[in-house]
S.K.: 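Got a structure for you, questions after.
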2 protein chains.
Amino acid sequence: MRNAFTTKPDVAQTGKIRVLIADDHVTVLEGLAAMIGRQPDMMVVAEAADGREAVELWTQHHPDVALLDLRMPTLDGVGAIEQIRKQDGAARVIVLTTYDTDNEILRAIKAGTKAYLLKDAHREELLDCIRRVNRGETCIPASLVEKLAAGLCSESLTGRELNVLELLARGKSNKEISVNLYISETTVKTHLRSIFRKLNVLSRTEAIMVANRRGLVQI
Amino acid sequence: MRNAFTTKPDVAQTGKIRVLIADDHVTVLEGLAAMIGRQPDMMVVAEAADGREAVELWTQHHPDVALLDLRMPTLDGVGAIEQIRKQDGAARVIVLTTYDTDNEILRAIKAGTKAYLLKDAHREELLDCIRRVNRGETCIPASLVEKLAAGLCSESLTGRELNVLELLARGKSNKEISVNLYISETTVKTHLRSIFRKLNVLSRTEAIMVANRRGLVQI
DNA sequence: GCCAAAATACCGAAATGATGGTAGGGCGGT
DNA sequence: ACCGCCCTACCATCATTTCGGTATTTTGGC
């Protein structure tokens, strides 16, 4: 079993940081490969087009750093991170995503990601991030830390409350939600009051907005 | 002044399709450049990081095909297309975007784009699209045509209705909207009724959902 | 088996939203 | 000058949502 203190054989051989990249957008994959391939101190050892493939290729190659998109088919980034860290708890994973909703960041960090990069990051930002993570450091932009700090103090929603919120965000009325969940309209109202209190809003429309911003539901 | 019937000097010289690419994500830009650069029949002549730069570089290079992201700083894709086509009505522009909301597609096509590609398009799809557009053909995926057909039969919102809808989508109440727009709450209700009728919905929450799906507002 | 949390449910009052009809002022086009 | 459209505005009425407080049952963990 590999661990963080094992000298990585391939690094020793090539002297390069071995990187796995995963993204369902072929353009992004090409771009990452091109940028990384040009660096003298790193190389791409595997490219995956979805989450499942990313886990398989990680198992085969055991790269120094893995760069994963959060939204991918078959298995999303968080799922892939969990699978990978089941094999190696010290695996170094960078999450690369277009969106920065609170919930996605939180889930990714809970799953054990070392760094969280937005896709509009600059070239040097991204390459430096790979180098830092390879050295065992973490790399979370200050703007994201702020978002986290703001969100962490809020209570989390229960499963049922999330069900209600999801239907709410689809534009359903209380009656429609009750029919959909096989509960009474009164119960829906009770759940809604809890949701409003937890999200610190006063109306359903506000709730939709906040839920969307926090990544609790996607409209 | 160039026009569609002028023989393009650079093509005659190099025999390659000269492509301009524009995207604010450096990764995507790199990816496009790598893919296009590998093709024997095309080459990247200019790379822009935002809309204004795209227009400037188009003016300088007059490429055969321009690949533009829709969402860019300083000037969005549609604005860039309009500027470019002011110089050359026959300019061949491909729109490349992550999202496929009805309104964005419609605006892009109205502005005179020849092709509309989603960023998760496959490699060959993208390269073939460039070749087809260079030959003067268009290239709009069937799935997008369907979306358009579905949306075209609906009435369009007036400017004031869009103002109301925007605030609505921010979770504002009728009273808050009225204060924000310096109109009475009654007027807000009148606008809302028009909005509901035009979007074919029955409540404000449904309106938010539909407006977001059609790209009328972004939450 | 017990405790805490979650899910379910009801009542009633107050606020907000939805829907009908109606209408005057402004503005651009024919 | 007239027509159509947009923006504005009001009244009345009904439906829905929001906000108190309260209570039972179910579920999961210790």
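Atom set for the values below is all heavy atoms of this structure, side chains included, hydrogens, waters and symmetry mates excluded. Throughout, protein chains are lettered first and strands after them, A, B, ... in sequence-line order, and every chain is numbered starting at 1.
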S.K.: Could you tell me the separation between the NZ atom of B:K189 and the P atom of C:dT22, rounded to a whole number of Å?
M.R.: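 Going from NZ in B:K189 over to P in C:dT22 covers 19 Å.
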S.K.: Any protein N or O atoms within reach of nucleotides 23-29 of chain C? Criterion: under 3.5 Å, listing atom names and distances.
M.R.:
none

S.K.: NZ of A:K175 versus C1' of C:dA18: gap in Å, rounded?
M.R.: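 In whole Å, C:dA18 C1' lies 16 Å from A:K175 NZ.
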S.K.: Using a strict 4.0 Å threshold on nitrogen-to-oxygen distance, state whether A:D23 and A:R71 make a salt bridge.
M.R.: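 Salt bridge flag = no for A:R71 with A:D23.
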S.K.: Between B:R131 and B:E137, is there a salt bridge with N-O shorter than 4.0 Å?
M.R.: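 No, this pair does not count.
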S.K.: At the 4.0 Å heavy-atom cut-off to chain B, mark where contacts on DNA chain D begin and end, going 5' to 3'.
M.R.: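 Terminal contacting nucleotides, 5' to 3': D:dC6 to D:dC10.
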S.K.: With a 3.5 Å cut-off and just heavy-atom distances, do the side chain of B:R193 and the base of C:dG21 make a donor-acceptor pair?
M.R.: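 Result: at least one qualifying N/O pair found.
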S.K.: Could you check how far CG of A:L202 sits from P of C:dA14, rounded to whole Å?
M.R.: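 Rounded to whole Å, this separation is 19 Å.
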S.K.: Roughly how far, to the nearest 0.5 Å, is CD1 of B:I105 from CG of B:L118?
M.R.: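 One gets 7.5 Å once the value is rounded to the nearest 0.5 Å.
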S.K.: Within a 6.0 Å radius of atom CZ on A:R52, are there more than 12 heavy atoms belonging to other residues, nucleotides or ligands?
M.R.: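 It does not: A:R52 CZ has 12 such atoms or fewer within range.
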S.K.: Calculate the interatomic distance between B:R204 atom CZ and C:dT19 atom C1'; express it in whole Å.
M.R.: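 That distance rounds to 14 Å.
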S.K.: Measure the spacing between CD of B:E53 and CD of B:E47 and express it to the nearest 0.5 Å.
M.R.: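 One finds 9.5 Å between CD of B:E53 and CD of B:E47.
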S.K.: Within the 4.0 Å heavy-atom criterion, would you say B:T187 contacts the bases, only the backbone, or no part of the nucleic acid?
M.R.: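 If one applies the 4.0 Å heavy-atom cut-off, B:T187 turns out to touch a base.
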S.K.: Please determine whether the number of non-hydrogen atoms from other residues, nucleotides or ligands lying under 6.0 Å from atom CG of A:N200 exceeds 12.
M.R.: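 Open.
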S.K.: Take atom CG of A:L192 and atom C1' of C:dT16, then tell me their distance rounded to the nearest Å.
M.R.: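 These atoms are roughly 15 Å apart.
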S.K.: Can you measure B:N200 atom CG to C:dT19 atom P for me and round it to whole angstrom units?
M.R.: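 Rounding to the nearest Å, CG of B:N200 and P of C:dT19 are 12 Å apart.
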S.K.: Salt bridge (Lys or Arg N to Asp or Glu O under 4.0 Å) for B:D64 and B:R135? Distances and angles first, verdict last.
M.R.: CA-CA 10 Å; B:D64 301 315; B:R135 285 197 301 268; over 6 Å; no
S.K.: Would you call B:R170 and B:E166 a salt bridge, taking side-chain N to carboxylate O under 4.0 Å as the test?
M.R.: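 Yes, charged N to carboxylate O under 4.0 Å.
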S.K.: Should B:S203 be listed as having a side-chain N or O under 4.0 Å from OP1 or OP2 of C:dG17?
M.R.: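 No, because none of the side-chain N or O atoms of B:S203 sits under 4.0 Å from OP1 or OP2 of C:dG17.
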S.K.: If you round to the nearest 0.5 Å, how far is OG1 of A:T27 from NE2 of B:H25?
M.R.: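 Rounded to the nearest 0.5 Å, the NE2-OG1 separation comes out at 12.0 Å.
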S.K.: Return whichever of B:I183 or A:N174 has its heavy-atom-nearest nucleotide of DNA chain D closer to the 5' end.
M.R.: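 Between the two, 5'-proximity favours B:I183.
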S.K.: Figure out the CD1/C1' separation between A:I195 and C:dA6, and round it to whole Å.
M.R.: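 Nearest whole value for this atom pair: 13 Å.
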S.K.: Can you figure out which of C:dA9, C:dA7, C:dA18 approaches the side chain of B:F196 most closely?
M.R.: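 Of the options given, the side chain of B:F196 lies nearest C:dA18.
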S.K.: CD of B:E176 versus C1' of C:dT16: gap in Å, rounded?
M.R.: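 Result: 12 Å.
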S.K.: Looking only at non-hydrogen atoms, find the nearest pair between A:I208 and B:T205 and report the distance.
M.R.: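 That closest heavy-atom pairing would be CD1-CG2, 3.6 Å.
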S.K.: Would you mind telling me which residue lines up with the more 5' stretch of DNA chain D, B:E161 or B:T186, judged by nearest nucleotide?
M.R.: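 Nearest-nucleotide comparison on DNA chain D picks B:E161.
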S.K.: Can you tell me which nucleotide in C:dC10, C:dT8, C:dG17 comes closest to the side chain of A:H191?
M.R.: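 Looking only at heavy atoms from C-beta outward on A:H191, the closest nucleotide is C:dT8.
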